[in-house]
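Below: the structure, in C-alpha cells.
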Amino acid sequence: MAGQRTEVADVDRERYDFIKSEEGTERVHAGLTPDIIREISARKDEPEWMLEHRLKCLEIYNKTPIPNWGPSLDGLDMANIVTYVKPKGEQKSDWESVPEDIKDTFDRLGIPQAERAYLAGVGAQYDSELVYHNIQESVADKGIVYSGIEEAMKDGWEDVIRQHFMKLVPPTDHKFAALHGAVWSGGSFVYVPAGVKLDFPLQSYFRLNAKGAGQFEHTLIIVEEGAELHFIEGCSAPKYNVANLHAGCVELFVKDNAKLRYSTIENWSKNMYNLNTKRSIVGKNGTIEWVSGSFGSHVGCLYPMSILQGEGSTSEFTGITFAGTGQDLDTGCKVVCAAPNTKAVVNTKSISKGGGVSTFRSSVVATPAAENASVSVSCASLMLDDKSRSDTIPTMDIRCDNVSVGHEASIGRIGNDLMFYLMSRGIPEDEASTMVVNGFANPVSKELPLEYAVEMNNLIKLEMEGAIG
C-alpha cells in the first residue's frame, strides 16, 4: 500500500552538481582578518569609505554572537571558509567572450537560452565576481540602469549607492549581516526611473563553484515613483564534502505608487549554509511581491522582510520550501506595517521528506501608526514520510487597536485514498506522488514566468524520483 512508504530516495543532481576546475582562479587565505578585508578592498580599488565600512563590519561581526535559535550552525567554521575567489577572466558583455568552462557552466544551467527567450537583461556571477552582464539596448534607452554594483559605483552612481548601501540591512542586524558587510563581493545594481514600466524581467544568476568558499553578493534595487519591475534571482552550486557558505544581501527600495516583483529559485547544494538577508521598504500605495522557491542547502535561514512605510502600501509573499535528507530549512518572512491602510498577504507551502526538517517562521509587527492595517498569514506543510518534521512558529507584535491580523497553519500527509485513486488509473506510485506534490506547489509555480515554473517543477521531480523505499 502507498501509505506504508517510509522513504523517498534522493537522486543524482547531475545538472547542478557538476564541478569545474579552479585552475586560473585567485583565492584569498581562508579565515577572516583585517588584512584579508584590506586585500579584498584593494583588489577592487574601492573608495576609502567602503574600506572603512568593511572594517567596521568586521568589528561588529567579532562582537556579535551566533544566533541561539534556529538550525545548528556548528558545522560552519569561518576559519575554513575562503571569503573571496576571483574567477579567471574579466567581466564581459559579449557571451562568446566569457571563458569556455564558465560559459559551459551557465549553458548547462540554461541561462543564455532564458536570456534570448524573454529577459530584458541578465547578470551572471561565478564565485565572487560577475563574469557577464548585459542589458537590452531598448531597456537602457528608457533610462533603466542594470549593472554590477561595483561597476555602477565607478560609473557615476557612487553617491546613490553610498546613500542606500546597507541602510535597510545594517551590519548590527545580525552576525551574518555584519559578515556580509565585511566581505561582500559582486551583485547587481538596478535603478528604474519614475514612471518607467519594464514588461520583461531582469535576471541575476549566482553560481558558486569553489570548494570551501563563500559567496557574498549584494543586490541593490531602486524603483522610483510609479515605476514597475520584475527581477529574478537564481542560485546553484555543486556538492562538496566540506561546508560552503552563502551570505548575500538584497535591499529593495520601492517608492510611492511603484511595484516590484522579486522572484527567487534557490537550488544550493546540500553542503551549503544559506544565510541570506533580503529586505524591502515600500512607499505610499507601493507594492512588493516576493516569490520564493527554496531547494537544496544543508541549512537555510531565509526570512525576506517587507517594511510597509507608506500609507496604502502592500506586500505579497508566496513561497515554497522543500527539505530532504540531511536538510534543516528554516524559512519564512517578516512584515512591518508602519502606516495606515497597509496590507500584507503571506501564503507559503513546505514539503519535507527523508528526515528533512522544514520550519516556517513568521514575524508580523503592527506599529501604533498602522491604523486599519490587514495581515493574513497562511502556512501549509506536507510531510512525505514518517521520518520528516515540519514546524510553524508565528510571532505577532500588535501595537495598534484597529488592525486585522490572522494566522492559519496546516500539516498533512499524502492521503492513501488519493494515492489509491491515482494508482488505480495506472499511474505508478512515484509518478502519482510527484503529481500530488506538484499540485500542492502550484500556487508558487503559477506565479513564476513559464521557464522558471518548469525549472521548479523539474526540481520537484528530481527530488521525488525513485520514491519507493
Side-chain angles (χ1 to χ4, degrees), residues 118-123 130 133-170 186-204 217-233 248-264 277-291 304-317 335-344 369 447 449:
Y118 76 107
L119 293 173
V122 66
L130 287 167
H133 222 288
N134 195 23
I135 184 172
Q136 289 183 10
E137 187 175 339
S138 61
V139 175
D141 287 345
K142 294 182 177 182
I144 295 173
V145 177
Y146 178 40
S147 73
I149 189 169
E150 296 163 47
E151 289 71 33
M153 196 145 48
K154 297 175 181 178
D155 195 26
W157 292 91
E158 181 180 340
D159 290 345
V160 172
I161 292 171
R162 186 173 185 177
Q163 180 185 348
H164 293 83
F165 189 87
M166 294 200 78
K167 296 302 190 294
L168 274 184
V169 183
S188 294
F189 173 75
V190 181
Y191 177 84
V192 185
V196 174
K197 298 181 181 181
L198 190 57
D199 296 329
F200 299 96
L202 299 176
Q203 179 195 266
S204 189
E217 80 287 346
H218 194 97
T219 299
L220 174 60
I221 299 178
I222 302 170
V223 185
E224 292 286 8
E225 185 172 352
E228 294 186 9
L229 173 68
H230 183 189
F231 192 88
I232 301 172
E233 176 185 77
C249 181
V250 174
E251 295 184 292
L252 310 176
F253 294 83
V254 183
K255 302 299 180 67
D256 294 354
N257 300 300
K259 180 178 179 179
L260 172 60
R261 169 171 284 208
Y262 196 94
S263 301
T264 306
T277 306
K278 302 180 180 184
R279 195 160 297 168
S280 66
I281 188 165
V282 188
K284 184 177 181 180
N285 295 323
T287 299
I288 177 69
E289 297 178 353
W290 302 93
V291 181
M305 180 178 184
S306 300
I307 302 171
L308 302 179
Q309 186 182 53
E311 182 175 359
S313 55
T314 62
S315 171
E316 297 181 20
F317 181 89
V335 176
V336 177
C337 294
N341 302 309
T342 48
K343 181 180 180 180
E447 295 296 332

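The chain is numbered in sequence order, starting from 1. Because the structure is predicted, anything quoted here is derived from the model rather than measured.
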TODO: Scan L202, I144, I222 and name whichever one has a side chain to side chain contact (heavy atoms under 4.5 Å, CB included) with L229.
DONE: L202
Task: Flag if over 12 foreign heavy atoms under 6.0 Å of CD, E150 - done: yes
- [ ] Test side chain to side chain contact (heavy atoms under 4.5 Å, CB included) on W157 and E151 and set out the steps.
- [x] CA-CA 9 Å; W157 292 91; E151 289 71 33; over 6 Å; no
TODO: Would you give the length of the straight line joining atom CD1 of I307 to atom OG of S280, rounded to the nearest 0.5 angstrom?
DONE: 7.0 Å
Task: Exercise: identify the closest heavy-atom pair between A338 and A369 - done: O-CB, 3.7 Å
Open item on the list: Can you tell me how far apart CG (N134) and OG (S147) are? Round to the nearest 0.5 Å.
Closed with: 12.0 Å
Open item on the list: Applying side chain to side chain contact (heavy atoms under 4.5 Å, CB included) to Y146 and V139, what does each step give before you reach the verdict?
Closed with: CA-CA 9 Å; Y146 178 40; V139 175; over 6 Å; no
Task: Residue among I221, V282, L168, V223 satisfying side chain to side chain contact (heavy atoms under 4.5 Å, CB included) with F253 - done: L168
- [ ] Mark yes when over 12 heavy atoms from residues, nucleotides or ligands other than D159 sit less than 6.0 Å from its CG; otherwise mark no.
- [x] no
Task: Worked check of side chain to side chain contact (heavy atoms under 4.5 Å, CB included) between H230 and E289 - done: CA-CA 9 Å; H230 183 189; E289 297 178 353; over 6 Å; no
Task: Atom pair NZ/OG1 of K343 and T287 - distance to nearest 0.5 Å - done: 10.5 Å
Open item on the list: How long is the straight-line distance from OG1 of T264 back to CD of E233, given to the nearest 0.5 Å?
Closed with: 4.0 Å
Open item on the list: Is any side-chain heavy atom of F165 closer than 4.5 Å to one of I149?
Closed with: yes
Task: Partners passing side chain to side chain donor-acceptor pair (under 3.5 Å) against R279 (at least two apart in sequence or in another chain) - done: D173
TODO: For residues A227 and V192, report the shortest heavy-atom separation together with the two atoms involved.
DONE: CB-CG1, 3.6 Å
Task: All side chain to side chain donor-acceptor pair (under 3.5 Å) counterparts of S306, not counting sequence neighbours - done: W290, S315
Task: Value rounded to 0.5 Å, distance of OG1 in T277 from CE in M166 - done: 8.0 Å
Task: Between E251 and H218: side-chain donor-acceptor atoms closer than 3.5 Å - done: yes
- [ ] Determine, stepwise, if the pair L252 / F231 fulfils side chain to side chain contact (heavy atoms under 4.5 Å, CB included).
- [x] CA-CA 11 Å; L252 310 176; F231 192 88; over 6 Å; no
Task: salt bridge (Lys or Arg N to Asp or Glu O under 4.0 Å) between E225 and K255, intermediate numbers included - done: CA-CA 5 Å; E225 185 172 352; K255 302 299 180 67; over 6 Å; no
Task: Heavy-atom pair of closest approach, residues A339 and Q309 - done: CB-O, 3.3 Å
Open item on the list: So which atom in P193 and which in E224 form the shortest heavy-atom distance, rounded to 0.1 Å?
Closed with: C-CB, 3.7 Å
Task: Least distance between heavy atoms, L130 atom then G148 atom - done: CD1-CA, 3.2 Å
- [ ] Would you indicate whether the side-chain heavy atoms of K278 and Y262 approach each other to under 4.5 Å?
- [x] yes
Open item on the list: If I compare all heavy atoms of T342 with all of G310, which pair ends up nearest, and what's the gap?
Closed with: CG2-O, 3.5 Å
Open item on the list: With a sphere of 6.0 Å drawn around NZ of K197, does it hold more than 12 non-hydrogen atoms of other residues, nucleotides or ligands?
Closed with: no
Open item on the list: Can you confirm whether more than 12 heavy atoms, excluding those of K284, are under 6.0 Å from its NZ atom?
Closed with: no
Task: Sidechain-backbone polar pair: K167 side chain, R162 backbone, donor-acceptor under 3.5 Å - done: yes
